[in-house]
Structures are given as structure tokens and as C-alpha cells.
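Worksheet: one structure, shown below.
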There are 2 protein chains.
Amino acid sequence: MTTASEHRAARPHADPTRARILEAALDLFSERSFEGASTRLIAERAGVPQPLLSYHFGSKDELWKAAVGQVFDELNRAMGGRVEGLRGVDDLTVAKLVVADFVRFSAAHPELHRIITQECKAEGEHLQWLVGHHIRPLYDGAVSMFEPLVAAGLIRDVPAVHLYYLLTGAAATMFVLAPECRLLSGVDPLDPAEVERHVDAVVAMLFAAPGAP
Amino acid sequence: MTTASEHRAARPHADPTRARILEAALDLFSERSFEGASTRLIAERAGVPQPLLSYHFGSKDELWKAAVGQVFDELNRAMGGRVEGLRGVDDLTVAKLVVADFVRFSAAHPELHRIITQECKAEGEHLQWLVGHHIRPLYDGAVSMFEPLVAAGLIRDVPAVHLYYLLTGAAATMFVLAPECRLLSGVDPLDPAEVERHVDAVVAMLFAAPGAP
DNA sequence: GGAGTGTTTTATCAGGCGACCAAGAACAGT
DNA sequence: ACTGTTCTTGGTCGCCTGATAAAACACTCC
């Protein structure tokens, strides 16, 4: 039942293999879908026999939750640390820096948005779980970041929901569809220079002065 | 081998069932993925026995191509008709109207972007086929719409690739993730008033004056 | 150095998958 | 009414899926 939590001294092999499985699972769950990534394929990529997944995570569903939770934890760590280091800076500058870092994170971890766009298209257990455990706090944070700026007239008067999907869509799509982008334009969006170009583009679009159109 | 193409007079029942199958297939392929949508499930939703899919389309793969081709044809008809009716209008106004209509189409047919984000995340047959047969022309059209505007200084100096993914991401994400949006904010993005709000937001962001930052 | 626990492996289960086949039903031209 | 084609149906094949049972191994602690 308790796979690995209490005393760490008693399992030397477990943690490394757990990590390898999680990495392989995240890769495959995000590229193919939940149904499209078989436990055997995940096991093969992780270099372990298939029943090990059941042993460590109980079921395919629990493995999915563990893998997904990992990326969101990384995101929360990255973004949380960013705003922490900006105490006292004015709201607009903070927002610009946060958005810039969010674009960079989306480039470094396209699996995040790949999984979101896979599981949030249709009602279901996965959607409910994702929103309840991981997405809701992020959304609330984004809204409470945007609303003061809109109220102060520093960015356009657009409802926060629209700003949120404008931001996430504009920030992530190019990296989510990186293979398409390469085939279509010859440009590799994961190239650091291209990432910075996209950061600039997103920030410029989102934080345009309100009186421009 | 030839399922249905040459002379249409000889198949009275076929076309309606074909249409029902295609509709069900598009729905399920876009919500669940290609692997996640079984032929039995598609058949059940279409109200036909499962082997009919093999008869009409030969294989699951061919069914997928037919269903996908249908949405892209609709998009091409809609957008093509739009630019046709705007001969003589200045480039900037045309671009704004085309972008607005593209957002509206994305709201009316979220399946389009759902399928794209599903099959273009990883290299494979489906990606190659999609780009070659349907996405490339759209991309070329978008680029040749944006580049004169950038050259004339009417929109920000951002490479066309970035503009393309900024546009498609910002336009479609809210509608692709409509179930998430409802759960997250209580707002139904498919509500016509919300769609128009999103149209305004996307157009305003994309066509902001270049000298605003 | 044997007990006992945590981890890995092998072998196997029932169920769902895509595809196929042969027979039947509905229609067309004559 | 007959005939040939188009369309639909139920039945079934082999394959792959996620999960489990039980045996083999690894390691710590007494």
C-alpha cells in the first residue's frame, strides 16, 4: 500500500527506478495520450519490466497522477521562487517578469501544456483531478496578478479569464507543437534564441498600452 | 478497395451513414485521441455496427483522414470566402477581419485545434500527412498576410512563425479547453458574447500599434 | 548468518482492440 | 421478375492491453 514514504534507509533501488519510470511516463503520456501510452511502452522506455509499474504506483491511473504532479510541482517551484525574489517591485514589472519566465518554462517543459490540452478537452476524472489539485491555484494566482493591472489601466480592459487563455495559449502553443513548427517553417522553437524571441513577442502583445488600437 | 468516389447515383443509403460516421469519428478523435477512440465506440455513437467503418473507409487510419479532411475543408471554405469578399480593402483591415473570423471559427469548431494539438506533438505519419495536406497552405497564407504588415510597420516586428503560433494559440486555446474553462471560472467560452469578447481581445493584442511597449 | 522486509522478475489472466469474412438485405437497370 | 451491384450485418480471428500471483533476488538488522 505505502509504496515509499516512511523510512528511506530500507530501499536502495526503489527511488532511482521510480524516477526513471516517472520520467518515461511523463514523456509518453504527453506525446501520446493516456490511452495511447501503454504501460509496456512506458516500462520499455524506462528499462524495467512492466509489472514494476503496478508495484510502485498501484495502477496506470496513479502513475499518471504521480507523473503529472511532478511537472506541476516543478512549475510551482519555479514560479513561486520567481515572485518570492521580487518582493517590493511594482506590479507591472513583476507581471512582465513572471510572464517571461512562464514562457521560458513552457519551452523547457512542453509536457505540461501537452498534458493539459490532452485531458482538459473533455469532462472526466482526469479533468476534475487536474483542475482541483493543480490548475486552480495557478489560475487564481494569474487572475490576482492581472486584475490590479487592469484596474489601474496598465493593460487592456479584458476579462481575466480571457487574459489567462490568451497568455497560456500564446505562450505554450509554439512549444507544444514544436515538431509541427520545425516541419512547417524550419525553425526549431526550442532553440534558446527563438525562445527569447517568443518571450519578447508574448510580453509585448500582452502588456501593450491600453490606448493603442 | 474504392469505397465510394466515382459515380454517386448508385448509393442511396451510403452517404447519410457515411456522414453520421464521420461526425461521430471527428467528435471522438478530437476528444479522446486517435488511439483513445475505438472503432466500436465511434460505431456506437454513429448508431451503426462496427464493421461498417471498415467497409466505408477501409481502415481506422483512412477514417481519421476523412474526418480530419472534412473540418479543414470547412475552414478553407469559410476563410477563403472571407478574403474573396474583401478584394480591394486595405491589408490591415483585411487581416483584422480574417483574424476575427478565424477566432469565431475556432469557437464553432474546436475539434480542429484539438486534433492538431493531438497529432502534431510528436513526429509520425499523422503529423506529416496533416502538415502536407492541410496545414502548410494555411501557414503559407497566414505568413503572406502578416509579412506585408510587418514590413509596412503596421504591426510589431515579430518573425512570422511567432505571429502564427501567437495567433493560433491565443485564438483557439480557450475553446479547445472549454470544459476546463467552465470548471475553472464558471464562464462558458462558447457563449456568443464570450466569443465576441475573445475576438476583440485577440485582435487588440495582435494588432497593437508597434510603438507602444 | 539467518530472519524478515523491500524490490525485481517471470508467467499468466480476462477483456478490449482492429480487421476480416461470408451471408443477407436493399437497391439499380433491364 | 430477374440479375448484378451496393450496402449492411453478425460472427470471429489473433493481438495487445492493464492487472495479478507467485517465485527469485537484494538488502538491513539482530
Side-chain angles (χ1 to χ4, degrees), chain A residues 1-26 28-29 31-68 119 124-126, chain B residues 1-26 28-29 31-68 119 124-126:
Chain A
M1 198 111 303
T2 85
T3 54
S5 40
E6 4 273 58
H7 26 67
R8 316 185 61 75
R11 0 185 170 67
H13 326 313
D15 283 359
T17 53
R18 270 182 66 100
R20 277 225 313 282
I21 292 174
L22 280 175
E23 192 181 352
L26 184 62
L28 287 168
F29 279 142
E31 282 185 12
R32 316 160 79 89
S33 69
F34 176 81
E35 292 98 347
S38 75
T39 55
R40 280 173 170 83
L41 195 60
I42 297 171
E44 187 187 0
R45 180 170 302 196
V48 300
Q50 179 250 358
L52 252 192
L53 311 202
S54 295
Y55 172 76
H56 280 292
F57 300 95
S59 72
K60 189 185 180 183
D61 230 85
E62 293 300 317
L63 170 59
W64 179 84
K65 290 181 184 175
V68 168
E119 311 294 340
E125 288 276 338
H126 282 182
Chain B
M1 198 109 302
T2 85
T3 54
S5 41
E6 5 271 60
H7 25 66
R8 313 185 63 76
R11 282 165 252 92
H13 329 313
D15 283 0
T17 51
R18 270 181 66 99
R20 278 225 311 283
I21 294 174
L22 280 176
E23 192 181 352
L26 184 61
L28 288 168
F29 279 142
E31 283 186 11
R32 316 159 79 89
S33 69
F34 177 81
E35 292 98 349
S38 75
T39 56
R40 282 173 171 84
L41 194 60
I42 296 171
E44 187 186 0
R45 180 169 300 196
V48 299
Q50 180 248 1
L52 252 192
L53 311 202
S54 293
Y55 172 76
H56 281 292
F57 300 95
S59 73
K60 189 184 181 185
D61 230 85
E62 293 299 319
L63 170 59
W64 179 85
K65 289 181 184 175
V68 169
E119 310 294 341
E125 287 275 338
H126 283 181

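Letters A, B, ... mirror the listed sequences (proteins, then strands); counts begin at 1.
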To the nearest angstrom, the OH-P distance between B:Tyr55 and C:dG24 comes to 18 Å

Q) Taking the six-membered ring for Trp, are A:Phe34 and A:Trp64 parallel (under 30°), tilted (30 to 60°) or perpendicular (over 60°)? A) perpendicular

Rounded to whole Å, the CZ-C1' distance (A:Phe57 to C:dG6) equals 16 Å

Side-chain atoms of B:Pro49 come closest, of C:dG6, D:dT9, C:dT10, to D:dT9

Whole-Å distance, B:Asp61 CG to C:dC17 C1', equals 15 Å

Rounded to whole Å, CG of B:Leu53 lies from P of D:dT8 at a distance of 11 Å

Rounded to the nearest 0.5 Å, the CD1 atom of B:Ile21 sits from the OG1 atom of B:Thr17 at a distance of 5.5 Å

Sequence neighbours excluded, the answer for side chain to side chain contact (heavy atoms under 4.5 Å, CB included) partners of A:Glu35 is A:Ser33, B:Arg32

* Asked: Using a cut-off of less than 4.0 Å, is there contact between a side-chain N or O of A:His56 and OP1 or OP2 of C:dG6?
  -> no

* Asked: Given A:Leu63 and A:His56, is the side chain to side chain contact (heavy atoms under 4.5 Å, CB included) satisfied, shown in steps?
  -> CA-CA 8 Å; A:Leu63 170 59; A:His56 280 292; over 6 Å; no

Between CG of A:Asp15 and C1' of C:dG6 the distance, given in whole Å, is 12 Å

To the nearest 0.5 Å, atom CZ of A:Phe29 lies from atom NZ of A:Lys60 at 5.5 Å

Taken to the nearest whole Å, CG/A:Leu63 to C1'/D:dT17 is 15 Å

Practice task
Could you tell me whether the side chain of B:Gln50 has a donor or acceptor atom within less than 3.5 Å of a complementary atom in the base of C:dA19?
Solution key: yes

B:Arg18 CZ to D:dT8 C1', in whole Å, measures 15 Å

Exercise for review: List the steps and the verdict of side chain to side chain contact (heavy atoms under 4.5 Å, CB included) for A:Lys65 and A:Phe57.
Suggested key: CA-CA 9 Å; A:Lys65 290 181 184 175; A:Phe57 300 95; over 6 Å; no

Pairs under 3.5 angstrom only: tabulate donor-acceptor contacts from the side chains of residues 37-53 of chain B to other protein residues two or more places apart or in another chain.
| from | atom 1 | to | atom 2 | distance (Å) |
| --- | --- | --- | --- | --- |
| B:Ser38 | OG | B:Leu41 | N | 3.1 |
| B:Thr39 | OG1 | B:Gln50 | NE2 | 3.1 |

B:Leu52 atom CG is separated from C:dC21 atom C1', nearest whole Å, by 14 Å

Out of D:dA19, C:dA19, D:dT6, minimum distance to the side chain of B:Ser54 belongs to C:dA19

In DNA chain C, stems of three or more consecutive pairs, Watson-Crick or G-U, each with both distances under 3.5 Å, turn out to be C:1-6 with D:25-30, C:8-30 with D:1-23

Ranking C:dA19, D:dA19, C:dT8 by distance to the side chain of B:Lys60, first place goes to C:dA19

So, with a heavy-atom separation below 4.0 Å from DNA chain C, the residues of residues 32-47 of chain A are A:Arg40

Does C:dG18 have OP1 or OP2 sitting under 4.0 Å from an N or O in the side chain of B:Ser59?
-> no

